[in-house]
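For the single chain, residues carry numbers from 1 onward in sequence order.
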Amino acid sequence: MLTVPVAKSLLSVLKGERQAVSPIWLMRQAGRYLPEYRALRETKGGFLALATDPDAAAEVTLQPIRRFGFDGAILFSDILMVPWALGQDLTFGVGEGPRLTPPLIDHALGALDRVPERLEPVYQTVTRVAGALPPETTFLGFAGSPWTVATYMVAGQGSKDQGETRSYAYQDPIAFGAIIDAIVELTIDYLARQIEAGVEAVQLFDSWAGSLSPAQFERWVIAPNAAIVAGVKERCPGAVVIGFPKGAGAKLPAYARETGVDAVGLDETVDPRWANDVLPTGMPVQGNLDPLALLAGGQALDEGIDRVLAAFVDRPHVFNLGHGIGQHTPIAHVEALIARVRG
């Protein structure tokens, strides 16, 4: 008996097909705002233990699909898995955020012993999720972009202005370039293996792209991301890549043109009408409701949704937030968001 393939609206949009109703998923949709996530994390004792347990990580990935029926599932993992595999130790302290040791501001990259097998649980998670998703749901993998990952590797932790890493990149661009190159090389393999294990599209998160000057943005954001996109597509022909350069602002059109990404994600500071005017014709866009509008709910949420949808009515569009969903976001607000987007 012949079966009719189920349409995946999100994947279709990422490939350039406009849909009458924008497909929807939310960054950090598998996370702390869900009681089922909090309960599972409590049993694992910490984030890294949860993320490296394929059964638990698969369960977390699937939780928001069961509850909300999003059009896309995003792999539950972390952007710092790559530096962990490059040999830094990774810890998540309570209330402190992630820490990488030793920080590369005072330690040589070459002295690290790479541990690529640390990524194996991620691929096992992908296999489990791919076999459990509804057929209409698109499965998204991801990695951190080199600049953002390097800021953590150099400083050992996150910072407000990435000052240590920006200074290091100016003072010793050769040494910093070696860090970027190492991240690029491993990220190509990391994303390709996610695709080979079952994800259908991948997203590159550049959370700190907005901290760079235009020249540094070209060097440390556009060029490395272009290398990753080219490498992934060479290894996995037909691969679909979303680029998310948070804070890129006026540099967004150059990023969209020069990196080779198939779709571009917009953060909440971007005027969606401006983005629609300046981005390449027909390029799919993703975004860009302010997560705080979702937290607020009510009129603020309704107006924010309508503004985004109106801006991209003639362009392939994936509805998403401008960044990750906040942990205190009411579930009822997420339900209202989905209902309004889907009409």
Side-chain angles (χ1 to χ4, degrees), residues 9-10 21-44 46-47 50-51 56-79 92 94-98 129 133-134 136-140 142 158 203 205 207 242 244 246-247 265-272 285-312 317-343:
S9 61
L10 174 55
V21 176
S22 294
I24 181 173
W25 70 279
L26 304 180
M27 288 181 277
R28 291 198 198 130
Q29 66 187 25
R32 293 176 291 178
Y33 74 108
L34 292 176
E36 55 265 44
Y37 169 82
R38 295 194 298 270
L40 181 57
R41 179 165 174 169
E42 185 71 22
T43 68
K44 301 304 294 185
F47 179 87
L50 183 58
E59 168 61 20
V60 173
T61 303
L62 293 165
Q63 284 174 348
I65 306 305
R66 294 195 198 104
R67 181 182 279 272
F68 301 115
F70 287 121
D71 297 295
I74 180 75
L75 170 69
F76 180 74
S77 187
D78 193 84
I79 65 169
F92 290 84
V94 178
E96 295 182 346
V129 173
L133 279 175
E136 68 274 12
T137 307
T138 299
F139 190 10
L140 303 164
F142 74 92
Q203 177 158 308
F205 285 87
S207 303
I242 309 164
F244 179 59
K246 190 174 187 294
L266 312 177
D267 67 73
E268 67 270 22
T269 67
V270 177
D271 182 338
V285 297
Q286 177 178 279
N288 66 328
L289 180 72
D290 189 339
L292 292 180
L294 180 58
L295 177 65
Q299 183 178 351
L301 174 58
D302 291 345
E303 291 178 351
I305 293 169
D306 293 348
R307 189 176 301 113
V308 172
L309 292 176
F312 301 120
H317 175 240
V318 174
F319 198 96
N320 208 313
L321 301 177
H323 200 46
I325 186 172
Q327 70 177 101
H328 302 298
T329 302
I331 286 174
H333 293 187
V334 180
E335 292 170 340
L337 165 65
I338 296 169
R340 193 170 188 89
V341 170
R342 291 179 173 166

Asks: Is the closest side-chain heavy-atom distance between I338 and V341 below 4.5 Å?
Replies: no

Asks: First locate atom CG of L133, then atom CZ of R66, and finally report the distance between them rounded to the nearest 0.5 Å.
Replies: 9.5 Å

Asks: Would you say CZ of R32 has more than 12 non-hydrogen atoms from neighbouring residues, nucleotides or ligands within 6.0 angstrom?
Replies: no

Asks: How far apart are the closest heavy atoms of F244 and H323, and which atoms are they?
Replies: CE2-ND1, 3.6 Å

Asks: For a quick test of reading the model, state the closest non-hydrogen atom pair linking P35 to I331 and the distance between them.
Replies: CD-CD1, 3.6 Å

Asks: Under the side-chain contact (heavy atoms from CB on, under 4.5 Å) criterion, do L50 and F92 qualify, and how do the steps go?
Replies: CA-CA 11 Å; L50 183 58; F92 290 84; over 6 Å; no

Asks: State plainly whether the residues R67 and E36 are in salt-bridge range, i.e. N to O under 4.0 Å.
Replies: yes

Asks: Give me the one residue out of V318, L321, T137 that meets side chain to side chain contact (heavy atoms under 4.5 Å, CB included) with W25.
Replies: V318

Asks: Considering non-hydrogen atoms only, spot the tightest contact between A57 and T61 and give its length.
Replies: O-OG1, 2.8 Å

Asks: Show me the side-chain donor-acceptor pairs of residues 290-304 shorter than 3.5 Å, one per line, residues at least two apart or across chains.
Replies:
unit_1	atom_1	unit_2	atom_2	d
D290	OD1	L292	N	2.9
Q299	NE2	E303	OE2	2.6

Asks: For L62 and V129, work out which heavy atoms get closest and say how close.
Replies: CD2-CG1, 4.2 Å

Asks: Output the distance between atom CD1 (I65) and atom CD (E136), rounded to the nearest 0.5 Å.
Replies: 9.5 Å

Asks: Kindly give the heavy-atom pair with the smallest separation between S22 and H317, and that separation in Å.
Replies: OG-ND1, 2.9 Å

Asks: Ignoring hydrogens and angles, tell me if any N or O in the side chain of N288 forms a donor-acceptor pair with the backbone of V270 under 3.5 Å.
Replies: yes

Asks: For F142 and L75, work out which heavy atoms get closest and say how close.
Replies: CE2-O, 3.1 Å

Asks: Of I24, L337, L34, which meets side chain to side chain contact (heavy atoms under 4.5 Å, CB included) against F68?
Replies: L34

Asks: Heavy atoms, side chains only, cut-off 4.5 Å: are V334 and Q29 in contact?
Replies: no

Asks: Measure the CG-CZ distance between L10 and F139 for me, rounded to the nearest 0.5 Å.
Replies: 12.5 Å

Asks: About how many Å separate OG1 of T43 and CZ of R41, when rounded to the nearest 0.5 Å?
Replies: 11.0 Å

Asks: Just verifying a value: how many Å separate R307 CZ and D271 CG, rounded to the nearest 0.5 Å?
Replies: 9.0 Å

Asks: Rounded at 0.5 Å granularity, tell me how far CD in E59 sits from CG in L40.
Replies: 6.5 Å

Asks: Consider side chain to side chain contact (heavy atoms under 4.5 Å, CB included). Of I325, N320, L140, which one does M27 pass it with?
Replies: N320

Asks: Does the gap between the ring centers of F319 and F70 come in under 6.0 Å?
Replies: no

